Amino acid sequence: MPELPEVEVVRAGLAPALTGARVLAAEVRDARALKRHLPLSGDDGLGGHGVTMPAEAAAERAADFERRVTGLVFDAPQRRGKFMWLPVAGAASATAADSPAPGVAAEWALLAHLGMSGQLLLRDTAAEDDRHVRIRLWVEHPTHGELRVDFADQRLFGSLALDRLAPTSDDGSLLPLQAARIARDPLDPRFDDAAFLAGVRSRASGIKKLILDQALVSGVGNIYADEALWRARLHPDTAGRAISARKVSELLGALRDVFAQALAEGGTSFDEQYVNVNGQAGYFAHSLNAYGRGGEACPRCATAIKRVPFGGRSSHYCPRCQRRR
DNA sequence: ACTGAAGCCTGGTTGC
DNA sequence: TGCAACCAGGCTTCAG
């Protein structure tokens, strides 16, 4: 499942091939992979969620995306939490013969969220189809030539979109509107440790719920939440306001450690749900101490790891190392 | 202001 | 064997 390390591996993998690349053509095979994409004109009346898309609206959304993405030239891929995007390069491209529709200029980006099972794959133009390819782009890079970018997504929780960029409030860097409320991640040099500490210690919610809140700290999903809590010896239900400042700092350090280690190992691959841009799995699954190890011995104290329901999914923790307060 | 649940999805697994 | 129910989980929306 793509969390920060997985998304970052994909972002870094796309960078050499797509920075400066130009979109030759686009094919939307399944408009459900455009949930976050809002057509410029002809309001289809959908917020993108909760309503089954009528066939007409789906076709219009697909056509709008294909038309507007064709001809775009990308700058280097960026990431905020689990969102990543390719900024559209400056106005130079907009004057070409096959220029994009008016309104698609430097302040736009091709936004991607991988959801649960999304993959961005770089393929040779002649390569066979991977499974579950929902959207395909043909691009041309000045030095690498032509290649395909395939967005594959089994469960369709992810999506691509053209989204507008706007300056952030802190340093004025550009963020897609849909990622505007996402906090920085713990590996970001500009991450605000003090704000995180204050945020955690002012809330009554359980600490696991808090670190899954992307507005407080981004990039954390179920796997790394369980791993960081295990490392910091915190019970997932411990109220934020009951945790000492020192312990919150320790947890932040644990998040940084687990992210950095997972990044170094190419991410965590479970059930072939996550692969890099070449379709290869990561190795961090072998390094997990708690997640997915219900019933197994805690690597620290040998007590059986507990698995309990948590908001429609599961929490894994050691009942001895991670005592409830 | 906060919490919990529903809804979006498919494919592998489990149960009958 | 065949089919239904269930589970995985990020994010948004809505009801309480």
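In this text, all values refer to a predicted model and were calculated from it rather than measured experimentally. Throughout, protein chains are lettered first and strands after them, A, B, ... in sequence-line order, and every chain is numbered starting at 1.
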Taking atom NZ of A:Lys306 as the centre, report whether more than 12 heavy atoms of other residues, nucleotides or ligands fall under 6.0 Å from it. no
From the list B:dT10, B:dT3, C:dT12, which nucleotide is the closest neighbour of the side chain of A:Arg134? B:dT10
Between P of C:dC11 and NE2 of A:His37, the distance in whole Å: 21 Å
A:Arg155 atom CZ is separated from B:dC8 atom P, nearest whole Å, by 17 Å
So what does A:Arg241 hit on the nucleic acid, given a heavy-atom distance under 4.0 Å: a base, only sugar-phosphate, or nothing? nothing
More than 12 heavy atoms of other residues, nucleotides or ligands under 6.0 Å from CZ of A:Arg320: is that the case? no
Rounding to an integer number of Å, can you tell me how far A:Leu156 CG sits from C:dA8 P? 20 Å
Of the listed B:dT3, C:dC11, C:dT12, the closest approach to the A:Lys82 side chain comes from C:dC11
Using modelled atom types only, decide if a donor and an acceptor are shared between the side chain of A:Asp226 and the backbone of A:His316 within a distance under 3.5 Å. yes
Taking only side-chain nitrogens and oxygens of A:Arg307, does any of them come within less than 4.0 Å of OP1 or OP2 of C:dC7? no
Could you pull out all residues at least two apart from A:Arg307 that satisfy salt bridge (Lys or Arg N to Asp or Glu O under 4.0 Å)? none
Separation of C:dT12 atom C1' from A:Phe157 atom CZ, nearest Å, is 11 Å
For atom CG of A:Leu212 and atom C1' of B:dA5, their distance in whole Å: 16 Å
I need the single residue from A:His113, A:Gln78, A:Gln214 that forms a side-chain contact (heavy atoms from CB on, under 4.5 Å) with A:Phe83. Which is it? A:His113
Proximity to DNA chain C (any heavy atom under 4.0 Å), residues of residues 215-222 of chain A only: A:Gly221, A:Asn222
Got a salt bridge between A:Arg190 and A:Asp171, using NZ or NE/NH1/NH2 to carboxylate O under 4.0 Å? yes
So, OP1 or OP2 of C:dT12: does either fall under 4.0 Å of a side-chain N or O from A:Arg36? no
Given atom CZ of A:Arg32 and atom P of B:dC8, what is their separation to the nearest angstrom? 11 Å
Between C1' on B:dC9 and CD on A:Gln119, what's the gap in Å once rounded to a whole number? 15 Å
Would you indicate which nucleotide in B:dC9, B:dT3, C:dC11 comes nearest to any side-chain atom of A:His113? C:dC11
So if I take every side-chain heavy atom of A:Ser205 and compare against B:dT3, C:dC11, B:dG12, which nucleotide ends up nearest? B:dT3
Quick one: is B:dG11 close enough that its OP1 or OP2 comes under 4.0 Å of any side-chain N or O from A:His132? yes
Return the value, rounded to whole Å, for the distance between atom CD of A:Gln154 and atom C1' of B:dC9. 8 Å
Verify the contact: side-chain N or O of A:Lys35 to OP1 or OP2 of B:dC9, cut-off strictly under 4.0 Å; return yes or no. yes
Does A:Ser314 put a side-chain nitrogen or oxygen below 4.0 Å from OP1 or OP2 of C:dA8? yes
Give a yes or no answer on whether the side chain of A:Glu66 reaches the backbone of A:Ala63 with a donor-acceptor pair at less than 3.5 Å. no
On a heavy-atom basis, the closest approach of A:Arg148 and A:Asp124 is NH1-O, 3.6 Å
